[in-house]
Amino acid sequence: MVCTLDERKIFKSVPDERPPYTIVIPPPNVTGVLHMGHMLNNTIQDVLIRRARMLGKNACWVPGTDHASIATEAKVVQMLRDRGIKKSDLTRDEFLKYAWEWKEKYGGIILEQLKKLGCSCDWDRTRFTMEDDLSEAVIDVFIDLCNKGYIYRGLRMVNWDPAGLTAVSDEEVIHKDVNSKLYYVRYKIDGTADEWITIATVPPETILGDTAVCVHPEDERYAHLKGKFCIIPIVNRRVPIIFDDYIDKEFGTGALKVTPAHDINDYNLGLKHKLEVIDTLTPDGKMSEAAGHYIGEDRFVVRKKIAKDLEASGHLVKTEDYKNKVGYSERTDAVIEPRLSLQWFVNMPEISKPALEAVVNGNIKLIPDKFISTYRYWMENVKDWCISRQLWWGQRIPAWYDESGNFVVAKTSQEALAKFAEKNIKTNASAIKQDDDVLDTWFSSWLWPISVFDGFKDPENKDIKYYYPTNDLVTAPEILFFWVARMIIAGLEYRNDIPFERVYLTGIVRDKLGRKMSKSLGNSPDPLELIEKYGADGVRVGMLLSSPAGNDLLFDESYCEQGRNFANKMWNAFRLIKTGSLTHHCVNPETGRIATAWMKSKLNEQLALINDSYDKMRISEVLMIKYKLFWDDFCAWYLEMIKPAYGSVAVDTETYNTTIDIFENLLQILHPFMPFLTEELWHELKNRNNRDCIIVSTWPKQSSPDNAILEGMTHAQNIISTLRTFRNEKGISPKTQLQLLTKDKHQTTFDDIILKLANVSSIDKAESFDKGFAFMAGTQEYAIPFDQHIDTAAERLRIEKEIAYNKGFLDTVMKKLGNANFVSKAKPEVIASEEKKKSDAEQKIKSLEQQLNMMS
RNA sequence: AGGAGCAUAGCUCAGCCUGGUUCAGAGCAUCUGCCUUACAAGCAGAGGGUCACAGGUUCGAAUCCUGUUGCUCCCA
């Protein structure tokens, strides 16, 4: 080929009169590299896109990347550190210059990798969440939501990442089981000489921030402490003992130390009981001035120190081993600390209602639908979304503060000044300062299905009107909430329409032991090495062979091996057809006629199943049907039927041409899964021009199969298999010809094929069977005269076993039919089928008994 | 603590919604025989499951209901 499909812009889509089929890619992290999850996800999208294109839709797959603020910023900081530059020594602008430099260098690697996978994206449409137009949309949406009252700024307990120095969302916290210690510490009751209350805590360093001790109001052990105070050790602070039924009497000692600054539940207790809030941690996880002790030391160092100090002062009662869950930052792996801070939030309950409705009422379909209840549960309990991040890489929050802390939300400083003026706040350009924080990356990507078509910049443009709502979204269930749900919210809010019709949720790719693939485990194969080793088509097939929607895929390289073997099989079939003996000789035209008629019917029969499974998004089932259709039906049966015996010279152009047609149809059907090989063979098969590519060919039209031929062939296959088994068991070479005897009912249509595939010399009618091997295919009787030594006893045993089986079966049928309840209650067609079973079984038994008699 | 889901051949999964298809199917793996001029990355065959367990509903249960056990995910 002179130039690639991509270069010929075959993946390109522009609005036209055809119906659109649109997918927006879940944008991968711009600095990321392809991992197994991407492979699975994008292969599925490509399969859907390619089939839609062949169905005559205007297929548009929009690629792109997101800026992944925390991950990217962390990488840039690392790069700077390697060059001996500290982020804190740089201005914001200087830092961003480095960040963009990094992005230009490494951004887009992943898109190149997707091309190697064969992804047929419209690469001209590649977008990036931080490019100007998309950023402007983000800022406009922020301002709009502020104006609508959905966004507010508030003091909240957030998940603080002390390594990343930013708040992260609940979804970015990974809870892990860890072995900790539970410290039992006693606090002296104020005004007593030797009276104590003992609390249990995992992080004893937070004692420095304690502002109360809380017990259950009905806990008799502590009833006498009502109105009393106790003394916090080390800091010697006098704090109240409060009573609240929030307390679990059974846990620890039933007495809870309350640290409102560092625990969300304690914070709520603090609000309720009006407790003082003492923030004892610095942003980077060290003890703050307010802690009063251990200032500037890391919290984990202090944890050990304070335990010793408490022991020395006689406050430590005991320690216990304790298993608990600790939150870690998904990005930096630092232990997350709950921390009070001023952040920006989206008020979710109200704005998310239509999005809940859209899924519950079926406007948007989740596949598999078991995710609907999960989605509903989350949306009904949705919490406000913390959207500010203490980073520089991202869209800077358009809020402006004056010197006394008043703020307005505005796109530019000029507009901000105007807004201050409106509020009658006197200030000036040099006195106002923009918020230092940026917006959560999801606050960009929730606009993705709209912003990639410039739906914010130009809401009435041709693209957005044509492509939106998109058709399918393919993504991982892990981000159902923090991405999918939010896109639905944004879509309904800003287009008054859903962003996509269906969401296909893939499984998570795990290793064969069921562990998630991760860098630290080192259990993930390198996707590009896999492609190198098995070919992109082989890997694509391997990925999809066993990945039912929503179920995890236990990946094993042997799947790719299977994929490669299949590609190899296709190649070999091509060789037979195009360059092998088929081009020179062929079977007699009659055999060819039957064979092609059967194969065409088989193809149509299976194509109906394939189309149906596609519609139900059962992708691995689609693949398996195609796999068997090609390998079993086409190669193992059809090609063997028409393949000429050595030395045969009969030429039959019609059969040959039909075979090419069928092979082309099979290539088309397989094309979405195996784009490279099918395209290559498509061009090898015939001399086609640059435009005549399989990727833009028309999906084969399904017509009704000839059922008589299908049934007849199944019967013939039955006979052939029995003869092959017979040879196998008797050790008769496939080269030895056999004679086949039939009775009246036998249809001769497939005789040629039986002769060929079972190496039978002749098929003759006989009144009755003499000595030899008698068998049944369906309800018909056949025999092979066989005069070599036959183990009569073994044959008798075989037939007797078969009789016993059929009698047993007949018994169960008779029992049903003899049951008055069954006959009166079962549906007529069920009864009819039982009657048929009965007569078939009776006839079989009769024939088998005859055979038995003949042997004696 | 709560919510959701899963349990079918050695492995990965269909079938279950809507009970009845010759006493459960596939792919891979296994075993047997084959280097047959498209293909040993192959060909032809074979074996392999009391459908997790216990009850119940029904003429009839892998399929519907209840309970038990084990596992996974989500959220505390």
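Atom set for the values below is all heavy atoms of this structure, side chains included, hydrogens, waters and symmetry mates excluded. Labels below follow one simple rule: chain letters A, B, ... track the order of the sequence lines, proteins then strands, and each chain is numbered from 1.
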Integer angstrom distance from the [atom1] of [N] to that of [M]:
N      : M      : atom1 : result
C13(B) : A24(B) : C1'   : 14 Å
U57(B) : G19(B) : C1'   : 11 Å
U63(B) : A38(B) : C1'   : 45 Å
G48(B) : C53(B) : C1'   : 23 Å
A62(B) : C23(B) : C1'   : 13 Å
G5(B)  : C75(B) : C1'   : 15 Å
A14(B) : G56(B) : P     : 30 Å
G2(B)  : U8(B)  : C1'   : 30 Å

Selection from [options] that lies nearest to any side-chain heavy atom of [X]:
X         : options                : value
Asn565(A) : A38(B), U12(B), A41(B) : A41(B)
Arg510(A) : A41(B), G20(B), C73(B) : C73(B)
Glu621(A) : A38(B), A14(B), A76(B) : A14(B)
Lys569(A) : U12(B), G45(B), C39(B) : C39(B)
Lys383(A) : C75(B), U12(B), G45(B) : C75(B)

Could you state the [atom1]-[atom2] distance from [X] to [N], rounded to the nearest angstrom?
X         : N      : atom1 : atom2 : value
Lys735(A) : C43(B) : NZ    : C1'   : 13 Å
Leu554(A) : C11(B) : CG    : P     : 12 Å
Phe630(A) : C39(B) : CZ    : C1'   : 11 Å
Ile508(A) : U12(B) : CD1   : P     : 17 Å
Leu544(A) : U12(B) : CG    : P     : 19 Å
Ile619(A) : U12(B) : CD1   : P     : 22 Å
Ile577(A) : C39(B) : CD1   : P     : 14 Å
Phe726(A) : C34(B) : CZ    : P     : 18 Å

Per-nucleotide pairing state of RNA chain B [Watson-Crick or G-U, under 3.5 Å; [ ] pseudoknot-crossing; | other strand]: .((((((..((((......[....)))).(((((.......))))).....(((((..]....)))))))))))..
Closest heavy-atom contact between Pro672(A) and Val47(A)? O-CG2, 3.4 Å
Which heavy atom of Val622(A) sits nearest to which heavy atom of Ser613(A), and what is that distance?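 For Val622(A) and Ser613(A), the tightest heavy-atom pair comes out as CG2-CB, 3.5 Å.
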Residues in side-chain contact (heavy atoms from CB on, under 4.5 Å) with Lys838(A), at least two apart? Leu810(A), Val813(A), Met814(A), Leu817(A), Glu835(A), Glu842(A)
Per the atom types in the model, does the base of A44(B) pair as donor or acceptor with the side chain of Glu640(A) at under 3.5 Å?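 Answer no: no donor N or O sits under 3.5 Å from an acceptor.
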Tyr782(A) side chain to Gln780(A) side chain, donor-acceptor N/O pair below 3.5 angstrom: yes
Any luck finding a side-chain donor-acceptor pair between Thr596(A) and Tyr638(A) under 3.5 Å?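 No pair is found: no donor N or O on one side chain lies under 3.5 Å from an acceptor on the other.
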Are the side chain of Arg727(A) and the backbone N or O of Lys735(A) linked by a donor-acceptor pair below 3.5 Å? no
Please enumerate all protein N or O atoms sitting under 3.5 Å from an N or O of nucleotides 1-6 of chain B, with distances to 0.1 Å.
none

Could you tell me the separation between the CG atom of Leu256(A) and the CG atom of Asp266(A), rounded to the nearest 0.5 Å? 5.0 Å
From Leu553(A) CG over to Leu545(A) CG, what is the distance, rounded to the nearest 0.5 angstrom?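 Rounded to the nearest 0.5 Å, the CG-CG separation comes out at 9.5 Å.
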Give one of base, sugar-phosphate or nothing for [X], where a contact means two heavy atoms less than 4.0 Å apart.
X         : answer
Asp840(A) : base
Ala841(A) : nothing
Arg724(A) : sugar-phosphate
Ser824(A) : nothing
Arg618(A) : sugar-phosphate

I'd like to know if [X] pairs up with [Y] as an ion pair, taking the criterion as any Lys NZ or Arg NE/NH1/NH2 lying under 4.0 Å from an Asp or Glu carboxylate oxygen.
X         : Y         : answer
Glu557(A) : Lys533(A) : yes
Lys756(A) : Asp752(A) : no
Glu664(A) : Lys686(A) : yes
Lys628(A) : Asp633(A) : no
Lys807(A) : Glu849(A) : yes

Specify the residue among Val830(A) and Ile720(A) whose closest nucleotide of RNA chain B lies further upstream toward the 5′ end.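 Nearer the 5' end of the strand: Val830(A).
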Using heavy atoms to find the nearest nucleotide of RNA chain B for Ser721(A) and Lys844(A) separately, return the residue whose nucleotide is more 5′. Lys844(A)
With 3.5 Å as the limit, what N/O pairs link the protein to nucleotides 58-63 of chain B?
| unit_1 | atom_1 | unit_2 | atom_2 | d |
| --- | --- | --- | --- | --- |
| C59(B) | OP1 | Lys825(A) | NZ | 2.2 |
| C59(B) | O2' | Asn819(A) | ND2 | 2.8 |

Contacts under 3.5 angstrom, residues 559-568 of chain A side chains, donor-acceptor by atom type, not counting sequence neighbours:
| unit_1 | atom_1 | unit_2 | atom_2 | d |
| --- | --- | --- | --- | --- |
| Gln562(A) | NE2 | Tyr627(A) | OH | 3.4 |
| Asn568(A) | OD1 | Asn572(A) | ND2 | 3.4 |

CD/Glu532(A): more than 12 non-hydrogen atoms of other groups inside 6.0 Å: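 Counting neighbours around CD of Glu532(A), 12 or fewer heavy atoms of other residues, nucleotides or ligands fall under 6.0 Å, so no.
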Are the aromatic rings of Phe630(A) and Phe634(A) close, with centres under 6.0 Å apart?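 Ring centroids of Phe630(A) and Phe634(A) are less than 6.0 Å from each other.
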Would you say the ring centers of Phe775(A) and Phe773(A) fall short of 6.0 Å from each other?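 Yes, close enough.
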For nucleotides 23-32 of chain B, just jot down a letter per nucleotide in 5' to 3' order: B, S or -, based on protein non-hydrogen atoms under 4.0 Å. B--SSS----
